Amino acid sequence: MTRLIVVSNRVALPRDRSARAGGLAVGVLSALKRSGGIWFGWSGETSESPAPQPKVMKSGGITYATIDFTAEEFDAYYNGYCNSTLWPLLHYRLGLVEHSRQHQDAYMRINARFADHLAAMVRPGDVIWIHDYQLMMLPGELRLRGLRNRIGFFLHIPLPGPEIFCALPAHKQLMGSLAECDLVGFQTESDLRAFRDYAQYESGGSLRPDGAIEMFGRRLRAGAFPIGIDVEEMKSLAAEAEGDEEVRRLAHSISSRQLVIGVDRLDYSKGILNRIDAVGELLTTRPDYRNRITFVQIAAPSRIDVARYKKLRREIEGCAGRVNGKHAEIDWVPVRYLNRVFPRRQLAGFYRVARVGLVTPLRDGMNLVAKEYVAAQKPNDPGVLVLSRFAGAARELKGALIVNPFDQVEMAEALDQALRMPLTERQDRWRKLMGALQRNDLATWSDSFLDTLNTSERAAA
Ligand code: ADP
Ligand code: F6P
């Protein structure tokens, strides 16, 4: 029997599901719930002497196999290479990239360790689906261990063009490893184009007339598979949450004002500072909004040991404080900032109460929050999505108000337009957005990736 083995750094274990924010865990969990299979990855824990074998547990048709890292490995691999080197680079932030050989070596070692564990677990015929930038060396490491199984890799975050990607000293090793896959998937056509450009102009490879890519002596397929959400799940969560205590508290506290909401991991790619400033800009240029709107920014702590993330947290506190200091009144503050994780159902309820979903990343692979916000709306009185053109989701969500997050004035104008939008236009836009979500939901994403993987075969070029 063919088994699906999903591999990712982050695993949404049943015990800590509500405590982890992030699109990958949400997407992979829903996909695996449908098909069943094995989910292999990091336990989320560090220990002084990690067990030689993965910890295995079963729940709801999924087998979870996880390993620990030592604190030193976690620091060099996760805080270092993954989140101080690759993350900023792949989000087009060359100025934030830190690079050290020690971190790079740790990344290579952890990817090799993943391969050792997997090689002991995989049976012929199993299909292996590897996720995201933390594991770009894994396909190559698995081939080095003689595995001939079908291997697919999906990048959840953007891929910049070779002009940026090649700033990474190990760019050739990483791309050489991806070339060992049968199928490599991206969120958007523009990420796919960057991969093709690398193959053509950097690796000396070529694009074949049948769409296959030749690079580093291998022939493989690549495609854009934009990740979707479980629309029905989000719809019913939001409807059910309406009566919940926390959601009612929020609605009550907003009273007759209009709620604008932002929900993100606390990450500089999300554009939270620009967004708070845009709210300030709106209140400065259109003071009639004073005491008539409330902006709630929920930011889940993320990568808390990485210096740039610590700095961002302080910057957000400062920025929210400045806007509140300037505009607040004795009985009203414009910005409420909550630095915590909320259960999914509560988030769904919060989305539904909000007249505007303000989703304005500076760069984002997809951004599931944008899609969740739309799915959670009341059909007869939906809110408006204001969406950054630099989120992968902007390619599909044409019914949103699309903005440039670097342009504060444009964002303030879009906010104004959203807050004043008549019901019929809100309904028209929402129907269009829902159509897009339903045409490409989470099931379509995993089915189309896995169907393509099952019919792709790598070969020597
Ligand atoms: P990323 O993968 O970069 O974190 P996405 O927007 O694609 O960005 O996915 C984020 C996921 O994490 C969404 O499913 C969202 O609901 C969830 N999430 C974000 N912030 C929070 C939070 N404060 N509490 C709980 N879940 C959150
Ligand atoms: O979706 C992008 C992503 O980087 C995932 O790879 C990751 O699991 C998620 O965001 C959250 O980040 P982390 O796993 O570092 O908490």
Side-chain angles (χ1 to χ4, degrees), residues 6-13 16-30 39 41-44 69 74 77-84 86-88 90-91 130-136 153-159 186-187 226-230 233-234 237-238 241 246 261-272 296-306 309 337-351 357-376 385 387-388 390-394 397 442 445:
V6 171
V7 193
S8 61
N9 178 66
R10 179 74 66 193
V11 174
L13 287 168
D16 57 12
R17 225 159 248 176
S18 64
R20 298 268 178 236
L24 182 150
V26 171
V28 168
L29 177 64
S30 312
W39 193 350
W42 174 45
S43 64
F69 301 142
F74 173 72
Y77 152 80
Y78 177 83
N79 291 331
Y81 202 71
C82 291
N83 292 317
S84 302
L86 290 178
W87 180 269
L90 272 70
H91 284 86
I130 302 168
H131 291 261
D132 231 358
Y133 63 100
Q134 298 93 344
L135 298 172
M136 290 173 89
F153 178 92
F154 186 80
L155 187 69
H156 287 253
I157 69 175
L159 181 71
F186 299 95
Q187 297 277 24
I227 191 169
I229 61 162
D230 184 338
E233 182 219 18
M234 189 43 66
L237 274 182
E246 285 282 299
I261 198 165
V263 175
D264 310 82
R265 273 185 310 102
L266 199 156
D267 194 297
Y268 49 80
S269 64
K270 303 293 181 185
I272 299 171
V296 170
Q297 173 65 54
I298 298 176
S302 181
R303 305 170 191 168
I304 51 175
D305 300 319
V306 178
Y309 287 74
Y337 165 59
L338 294 94
N339 184 214
R340 49 177 278 214
V341 170
F342 283 89
R344 245 178 118 55
R345 175 174 162 131
Q346 263 175 40
L347 273 190
F350 296 165
Y351 291 141
L358 195 50
V359 185
T360 55
L362 306 182
R363 186 69 61 175
D364 213 331
M366 175 52 61
N367 198 295
L368 294 184
V369 167
K371 296 187 170 184
E372 291 169 357
Y373 173 77
V374 171
L385 177 65
L387 180 62
S388 162
F390 300 117
L397 300 184
L442 192 62
W445 171 70

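Numbering of ligands and ligand atoms starts at 1, following listing order. Not measured: the values here are computed from a predicted model.
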Ignoring hydrogens, just give me the one of [options] whose non-hydrogen atom is nearest [atom].
{"atom": "atom 10 (O) of ligand 2", "options": "Met366, Arg303, Arg10, His91", "result": "Arg303"}
{"atom": "atom 8 (O) of ligand 1", "options": "Arg265, Gln187, Lys270", "result": "Lys270"}
{"atom": "atom 3 (C) of ligand 2", "options": "Asp132, Leu135, Leu368", "result": "Asp132"}
{"atom": "atom 22 (C) of ligand 1", "options": "Ala300, Gly365, Ala348", "result": "Ala300"}
{"atom": "atom 7 (C) of ligand 2", "options": "His156, Gln187, Gln134", "result": "Gln134"}

Does only the side chain of [X] get under 4.0 Å from ligand 1, or the backbone, or both, or neither? Count heavy atoms.
{"X": "Asp264", "answer": "backbone"}
{"X": "Arg340", "answer": "backbone"}
{"X": "Val369", "answer": "both"}
{"X": "Tyr351", "answer": "side chain"}
{"X": "His156", "answer": "neither"}

Exercise: do Gln134 and Asn83 side chains pair donor with acceptor under 3.5 Å: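 There is no such pair (donor and acceptor under 3.5 Å, judged by atom type) between the side chains of Gln134 and Asn83.
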
Decide whether an N or O pair under 3.5 Å exists between [X] and ligand 1.
{"X": "Trp87", "answer": "no"}
{"X": "Asp364", "answer": "no"}
{"X": "Val263", "answer": "no"}
{"X": "Val341", "answer": "no"}

Under 4.0 Å to a heavy atom of [X] - the qualifying atoms of ligand 1, by number:
{"X": "Ile298", "result": "23 (N)"}
{"X": "Glu372", "result": "13 (C), 14 (O), 15 (C), 16 (O)"}
{"X": "Arg344", "result": "14 (O), 16 (O)"}

Do [X] and [Y] have side chains that approach each other closer than 4.5 Å (heavy atoms only, starting at C-beta)?
{"X": "Leu155", "Y": "Leu90", "result": "yes"}
{"X": "Asn79", "Y": "Phe74", "result": "yes"}
{"X": "Asn367", "Y": "Tyr373", "result": "no"}
{"X": "Ile157", "Y": "Arg363", "result": "no"}
{"X": "Tyr309", "Y": "Trp87", "result": "yes"}
{"X": "Tyr78", "Y": "Val306", "result": "no"}
{"X": "Tyr133", "Y": "Cys82", "result": "yes"}

Within less than 4.0 angstrom of ligand 2, does His131 place any heavy atom?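 It does not; every heavy atom stays at 4.0 Å or beyond.
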
Do ligand 2 and Asn9 have nitrogen or oxygen atoms that lie under 3.5 Å from each other?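 N/O-N/O distance under 3.5 Å: no.
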
Rounded distance (nearest 0.5 Å) linking atom CG of Leu397 with atom CG of Leu385: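 Between atom CG of Leu397 and atom CG of Leu385 there are 6.5 Å.
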
Point-to-point distance, once rounded to the nearest 0.5 Å, from CD of Glu372 to CG of Asp230: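 Rounded to the nearest 0.5 Å, the CD-CG separation comes out at 10.5 Å.
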
Atoms of ligand 2 less than 4.0 Å from Tyr78 heavy atoms?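 Result: 13 (P), 15 (O), 16 (O).
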
Pro88: which residues meet the side chain to side chain contact (heavy atoms under 4.5 Å, CB included) condition with it, sequence neighbours left out?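 Only Arg93, Leu96, Val97, Tyr268 meet the side chain to side chain contact (heavy atoms under 4.5 Å, CB included) criterion with Pro88.
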
Trp445 vs His156 aromatic rings, parallel, tilted or perpendicular, using cut-offs 30° and 60°?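 The arrangement is perpendicular - the two ring planes meet at more than 60°.
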
